[in-house]
Amino acid sequence: MGVCERRPALLIPGFTGSKEDFIPVLQSLASAGRRVVAIDMRGQYQSPGAPDTDAYAPGGLAADIAAIAEAIAGGQGLHLVGHSLGGLIARETALAGSAWIISLTLLSSGPGRITGQRAEMLRGMLAIMDSAGAAGLRAAVAQIWQEHLAPEATAGGVPDHVIAFLHERMTGNDPAGLVAMGRYLLACPDRTAELAGLDGPPVLVLYGENDDAWQPAVQELMARRLGAQRVCIPGAGHSPPVEAPETTASALTAFWRQAEDGEHRRAGERRRRPDERRHADEQRHADEQTANGDHSGTGVRATAPRSARATSA
C-alpha cells in the first residue's frame with residue numbers, strides 16, 4: 001500500500017499450511033509502507049513439487065527461501081517470518097547465512113521436534129501414508145482428509161466455503177513432500193544454541209498462549225536461550241495470524257521497525273569506520289614525524305579528521 005519505503009517481509013507457512021494463512025494480517029502489515037510476500041513452500045498447495053524426496057530436506061527448502069529473498073529484496077535485506085515448520089526452515093536459512101535477514105521471527109515454532117498431541121496425530125497420518133506405498137500416497141491423503149481432517153473442521157464450526165478451500169489445499173499438496181516434511185517435524189534437532197551463537201539478526205519469538213504444538217513454556221525458554229524478544233498473544237492458539245490478526249500484525253510491525261532502526265545504526269557505523277581508520281593512520285604518521293623532529297605537516301593533519309567527520313555527517 002502506497003510507497004514501499006520500508007524493507008520487505010517474507011512469510012513462510014507451516015506444515016499442511018499455505019500463503020493463505022497470512023491473509024488476515026497482510027493488509028495491516030502492508031499499510032506500514034512495506035512489501036509483504038507470503039508463499040507456498042516447495043510442494044505446498046500451489047507450488048510445484050520436487051522430483052525426489054531429497055529436495056524436501058531442510059537445507060533444500062532453506063535454499064529456496066534464500067533465492068526468493070534475493071528476488072524480493074535484491075540483496076538489500078528483508079524480514080523473515082516462519083510459522084511452525086516454516087519457523088524451523090527460516091532458522092535453517094539464517095544458520096546457512098545464505099540470505100541477508102534484517103530480522104527473524106519464529107511464529108508458533110519451537111526449538112526442535114514437535115511433541116504432544118500434534119506429534120501423535122502426525123505419526124498417525126504418516127502411518128497411513130507409509131502403509132499406502134508410493135503409488136497410493138494421493139489416495140492416502142484423500143483418506144486422511146475424509147476420515148480425520150474434514151470431520152474435525154466440521155465439528156469446529158468452520159464455514160463450508162473454508163472447508164472447501166482446506167480440502168483443495170490438502171489434496172493439492174505433493175504427498176511425497178508431506179511425508180518428508182512430516183518426518184522432519186518429528187525428528188528436527190534442537191539448534192537453538194547454534195542460532196544463539198550466530199552473530200545474526202535480532203529474533204522475535206511470537207506465539208499464542210494456548211499453542212498446542214510447542215508448549216508456551218517451551219517457546220518462552222527458547223526465547224530466553226536466544227536472548228530474543230518474546231510476545232505471547234492472549235487467547236490465541238497455534239495460528240495467531242488467523243486467531244488474533246491485529247495483535248499479531250502490530251507486534252510484527254513494531255519489531256520490524258526496531259530492527260530497521262538498528263540496521264540503520266549499524267550501517268552508519270560501517271560508513272564511519274573508514275574515516276576513523278584514516279584518522280588513526282594520519283595521527284600515527286604525525287606522531288612518528290613529530291618524534292623525528294619534523295613538524296611541517298602537523299597542522300594539516302590536525303584539521304583533516306575534522307573535515308572528514310563533517311563530510312561523513
Side-chain angles (χ1 to χ4, degrees), residues 12-18 20-21 40-62 64 82-92 107-158 162-191 207-208 210-215 218-219 237-239 242:
I12 311 170
F15 180 64
T16 73
S18 68
E20 286 77 12
D21 294 335
D40 300 331
M41 282 193 290
R42 178 185 298 189
Q44 287 185 322
Y45 189 29
Q46 294 178 322
S47 284
D52 59 77
T53 56
D54 290 343
Y56 290 108
L61 296 175
D64 287 346
H83 174 240
S84 195
L85 170 66
L88 300 177
I89 302 304
R91 182 179 68 182
E92 288 289 322
L107 175 60
S108 299
S109 187
R113 64 186 179 88
I114 198 170
T115 59
Q117 184 179 0
R118 283 186 179 256
E120 292 304 315
M121 293 172 58
L122 179 53
R123 289 190 185 94
M125 173 180 167
L126 292 177
I128 294 174
M129 298 182 77
D130 287 341
S131 65
L137 280 179
R138 289 207 174 273
V141 172
Q143 176 187 346
I144 292 167
W145 169 260
Q146 192 66 33
E147 296 180 0
H148 301 281
L149 301 181
E152 181 182 309
T154 301
V158 177
V162 177
I163 291 179
F165 162 73
L166 294 175
H167 174 254
E168 177 186 334
R169 178 171 74 178
M170 185 63 185
T171 55
N173 284 303
D174 178 16
L178 287 177
V179 172
M181 293 178 185
R183 286 174 177 166
Y184 179 63
L185 263 177
L186 291 173
C188 177
D190 185 340
R191 304 192 69 184
Y207 57 92
N210 300 318
D211 196 335
D212 60 350
W214 286 273
Q215 294 182 358
V218 171
Q219 296 183 66
H238 187 56
S239 300
V242 176

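Positions are given from 1, in the same order as the sequence printed here.
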Rounded distance [0.5 Å steps], [atom1] in [X] versus [atom2] in [Y]:
X: T53; Y: M181; atom1: OG1; atom2: CE; value: 11.5 Å
X: L137; Y: D130; atom1: CG; atom2: CG; value: 8.5 Å
X: R138; Y: Q143; atom1: CZ; atom2: CD; value: 15.5 Å

Applying salt bridge (Lys or Arg N to Asp or Glu O under 4.0 Å) to D174 and not counting sequence neighbours gives none
Would you confirm whether [X], through its side chain, and [Y], through its main-chain N or O, come within 3.5 Å as a donor-acceptor pair?
X: Y56; Y: A50; result: yes
X: E92; Y: G60; result: no
X: Q219; Y: W214; result: yes

Which heavy-atom pair separates [X] from [Y] by the least distance, and what is that distance?
X: S18; Y: R169; result: OG-NH1, 2.9 Å
X: S109; Y: G82; result: CB-O, 4.4 Å
X: R113; Y: A187; result: CB-N, 4.0 Å
X: I12; Y: A90; result: CD1-CB, 4.1 Å
X: C188; Y: R91; result: SG-NH2, 3.4 Å
X: T16; Y: Q44; result: N-NE2, 4.4 Å

Residue pairs meeting salt bridge (charged side-chain N to carboxylate O under 4.0 Å, His left out), one or both in residues 42-57, sequence neighbours left out, come to R42-D64
*Under 6.0 Å from the CD atom of Q146, do we count more than 12 heavy atoms belonging to anything else shown?*
no
Side chain to side chain contact (heavy atoms under 4.5 Å, CB included) with Y184: of L61, L88, I114, V179, only one passes, and it is L88
Those residues at least two apart in sequence (or on a different chain) that pass side-chain hydrogen bond (donor to acceptor under 3.5 Å, both in side chains) with S84 are H238
Less than 4.5 Å apart, side chain to side chain, heavy atoms only: is that true for [X] and [Y]?
X: L185; Y: R118; result: no
X: E168; Y: Y45; result: yes
X: H83; Y: S239; result: yes
X: D40; Y: E20; result: yes
X: T115; Y: Q215; result: no

Practice problem: For the pair V141 and N173, evaluate side chain to side chain contact (heavy atoms under 4.5 Å, CB included) and give the outcome as yes or no after the intermediate values. | Solution: CA-CA 9 Å; V141 172; N173 284 303; over 6 Å; no
Please evaluate residues L178 and M170 with respect to the criterion side chain to side chain contact (heavy atoms under 4.5 Å, CB included), reporting the C-alpha separation (whole Å), side-chain torsions for both, the decisive distance (0.1 Å), and the verdict.
CA-CA 10 Å; L178 287 177; M170 185 63 185; 4.0 Å; yes
